[in-house]
2 protein chains.
Amino acid sequence: MAIAQPKTKRGETSRAVILQAALDLFQQRGYDATTMRAIAGHAGVSLGSSYHYFPSKEHLVLEFYRHTHELHAAAIAPLLSREKDLAGRLRGTIRAVVITCEPFHTVAGSIFSTVANPSSPLNPFGAAAKPLRDEVVALYGEVVNGSDARIPADIAEMLPLMLWLYQMGILYFWIFDRSPGRLRTLEVIDETTDLIVRLIALANVPILRGSRKRILGMIKNIVEGRVS
Amino acid sequence: MAIAQPKTKRGETSRAVILQAALDLFQQRGYDATTMRAIAGHAGVSLGSSYHYFPSKEHLVLEFYRHTHELHAAAIAPLLSREKDLAGRLRGTIRAVVITCEPFHTVAGSIFSTVANPSSPLNPFGAAAKPLRDEVVALYGEVVNGSDARIPADIAEMLPLMLWLYQMGILYFWIFDRSPGRLRTLEVIDETTDLIVRLIALANVPILRGSRKRILGMIKNIVEGRVS
DNA sequence: GCTCTAACTTGAACATGTTCAAATTAAATG
DNA sequence: CATTTAATTTGAACATGTTCAAGTTAGAGC
């Protein structure tokens, strides 16, 4: 059940070659059409060997996610060091998510369901996904903190986590998007990022103070029980 | 692939007995632990016979949902004819959802993932789920329209659909909720329903007019491409 | 170089969702 | 009642994720 970390050169090679085969096949054929036997076959190892390094097919998906996250982080590095406007940073970051994931669009649907499953070890709120989740949330922390926007402290505290959630929402929309070039998703991104920045600015309006406090308090309360 | 409607007394009986066995076993053992062979066995029919009436195990889940929806609708009927306050109607309705679903809490997790899968015929945004989805949205229409709240027309138009989405969000929270008596979910319901009503009232504040129009326009735009 | 142990590898076996061609049943038709 | 036809039922067969006991390999300790 526990993931066996390779303790040998040979083991490392095996793990790497299995993972690479899995990534290739997922991308080529999609999640469902990629059998564990095919992965093992392409990797040149036996079926049982794959299970030595990856306790289940789902665990290979987690690596898949890590892979796309690294692509994404690399893609937005220039933007984050150049752009200071919050809306620009946010829009660029989220656009880069769907652009990075575009080659995996056909895969994404079936993967999403395994990930949304609360009883799956991979679900985004669970323990196994924590390291990756923390990385993504930290990335949004950088998006927020590197901007010249002046954001109230109580909002700034929760914002990265909420943007991570927002990103998942966009991805879910993107999965369904059949428009050419995924234009509809890009439109929605432009509109929502603008809106988010606008709402943050509005949060200081006196009449909204009360609701703002309540919303933030509630989110904090909710988050503590789940993503901790 | 297409669902075979029974055309005989005998066929109707078979379908009913299979469905009943499935509902029982799902509730007793959960989705994953209930095998198609067990369902067939308990129903006293052969494995192949089950597939004659239900193209897949997932299709049995849809019937499970319909079942809980009917329980829910019956449970809130008295409330809807008595209570006129929007917050009260909303709170009571959503509370009734989680209370109705409580016996299925252990099942719900694994079911959720099959339903969230965009490639599944059962995903809430898809065609197969439309009849049931329409019923639920209509129910929220009744929650809204039967209240004495004065709601701007543009909001009233979208509100039932958004409340349906809100209900799904609550259910997703509820699935994770391990607190005794599922108290945390009930708390969140109380807070969020209040908040929703408050935000609807705030939507008329002049400074929010612009954002309100944009948000509603965007939601309308999004919804048209998916839940149509 | 030999031995021993832990790491690694293997493939058969199992469980379960799904398919399908053949057998059976029931009802309509004459 | 006999025949025909469509509906229904069946269980074997298949694909695939997963497990596991047994075999193989490589490196540490001497």
Side-chain angles (χ1 to χ4, degrees), chain A residues 1-19 21-22 25-26 29-64 107 110-111 113-115 117 119-122, chain B residues 1-19 21-22 25-26 29-64 107 110-111 113-115 117 119-122:
Chain A
M1 194 45 84
I3 307 175
Q5 294 298 338
K7 315 207 167 162
T8 311
K9 273 274 163 53
R10 190 176 166 221
E12 272 171 42
T13 308
S14 290
R15 187 184 189 280
V17 89
I18 292 165
L19 179 54
L25 290 175
F26 282 160
R29 311 181 183 175
Y31 178 78
D32 287 325
T34 299
T35 69
M36 289 301 283
R37 283 165 182 78
I39 292 172
H42 270 70
V45 302
S46 74
L47 181 59
S49 219
S50 304
Y51 279 93
H52 185 69
Y53 296 104
F54 302 95
S56 78
K57 193 179 173 185
E58 291 190 349
H59 279 78
L60 281 162
V61 172
L62 189 55
E63 301 294 324
F64 189 80
V107 201
S110 38
I111 285 183
S113 74
T114 72
V115 164
N117 189 340
S119 58
S120 158
L122 301 190
Chain B
M1 194 48 81
I3 307 173
Q5 295 297 339
K7 316 207 167 161
T8 312
K9 272 272 162 56
R10 192 179 166 220
E12 272 172 43
T13 308
S14 290
R15 186 183 189 282
V17 88
I18 292 165
L19 179 55
L25 289 176
F26 282 159
R29 311 181 182 175
Y31 179 78
D32 288 326
T34 299
T35 69
M36 289 300 284
R37 283 165 181 80
I39 292 173
H42 270 71
V45 303
S46 75
L47 182 59
S49 219
S50 304
Y51 279 93
H52 185 70
Y53 296 104
F54 302 95
S56 79
K57 194 178 173 186
E58 291 191 347
H59 280 79
L60 281 162
V61 171
L62 190 55
E63 300 296 323
F64 188 81
V107 201
S110 40
I111 287 183
S113 75
T114 72
V115 163
N117 189 343
S119 59
S120 158
L122 302 188

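Source: prediction; values computed, not measured. Just so we're on the same page: letters track the sequence lines, and every chain starts at 1.
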[X] [atom1] - [N] [atom2] separation (whole Å):
X	N	atom1	atom2	value
B:Arg29	C:dT16	CZ	C1'	14 Å
B:Ile18	D:dT8	CD1	P	11 Å
B:Glu12	D:dA7	CD	P	14 Å
A:Phe54	C:dT9	CZ	C1'	15 Å
A:Lys57	D:dG17	NZ	C1'	8 Å
A:Asp32	D:dA15	CG	P	17 Å
A:Tyr53	D:dT18	OH	P	18 Å
A:Leu25	D:dT16	CG	C1'	15 Å

Residue list, side-chain contact (heavy atoms from CB on, under 4.5 Å) with [X], at least two apart or on another chain:
X	value
B:Tyr51	B:Met36, B:Leu47
A:Ala33	A:Arg29
A:Ala40	A:Val45, A:Ser50

Distance check: side-chain N/O of [X] vs OP1/OP2 of [N], anything under 4.0 Å?
X	N	answer
B:Thr35	C:dA15	no
B:Ser14	D:dT9	yes
B:His52	D:dT9	no
A:Tyr51	D:dC20	no

Review point. Does the pair A:Tyr53 and A:Leu19 meet the rule for a side chain to side chain contact (heavy atoms under 4.5 Å, CB included), with working shown?
Key: CA-CA 9 Å; A:Tyr53 296 104; A:Leu19 179 54; over 6 Å; no
Practice item. Evaluate the ring planes of B:Tyr31 and B:Phe26, with Trp represented by its six-membered ring, and classify them as parallel (under 30°), tilted (30 to 60°) or perpendicular (over 60°). Key: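 If you compare the ring of B:Tyr31 with that of B:Phe26, the planes turn out tilted.
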Point to revise | Non-neighbouring partners of A:Ser56 that pass side-chain hydrogen bond (donor to acceptor under 3.5 Å, both in side chains), sequence neighbours left out | key: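 So A:Ser56 forms a side-chain hydrogen bond (donor to acceptor under 3.5 Å, both in side chains) with A:His59.
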Review point. With no hydrogens and no angle check, is any side-chain donor or acceptor of A:Thr35 less than 3.5 Å from a backbone partner on A:Ala38?
Key: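 Side chain of A:Thr35 to backbone of A:Ala38: a pair is present.
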Practice item. Measure the CD1-CD1 distance between A:Ile39 and A:Ile18 for me, rounded to the nearest 0.5 Å. Key: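 It is 9.0 Å, given to the nearest 0.5 Å.
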Practice item. Kindly state which residues belonging to residues 36-47 of chain B come within less than 4.0 angstrom of DNA chain D, counting heavy atoms of the residue only, listed by number. Key: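 DNA chain D contact set from residues 36-47 of chain B: B:Arg37, B:Val45, B:Ser46.
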**Study point:** B:Gly48 or B:Thr34, whichever maps to the more 5' nucleotide of DNA chain C
**Key:**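 On the 5' side of the pair lies B:Thr34.
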Nucleotides 24-30 of chain C: which of its N/O atoms have a protein N/O under 3.5 Å away?
none

Review point. What pairs of residues pass the salt bridge (charged side-chain N to carboxylate O under 4.0 Å, His left out) test when at least one of them lies in residues 35-63 of chain A, not counting sequence neighbours?
Key: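 Output for this query lists A:Arg15-A:Glu63.
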Check your understanding: What is the nucleic acid contact for B:Ser49, judged by heavy atoms within less than 4.0 Å: base, sugar-phosphate only, or nothing?
Key ->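 The answer is base, as B:Ser49 lies within the cut-off (heavy atoms under 4.0 Å) of a base atom.
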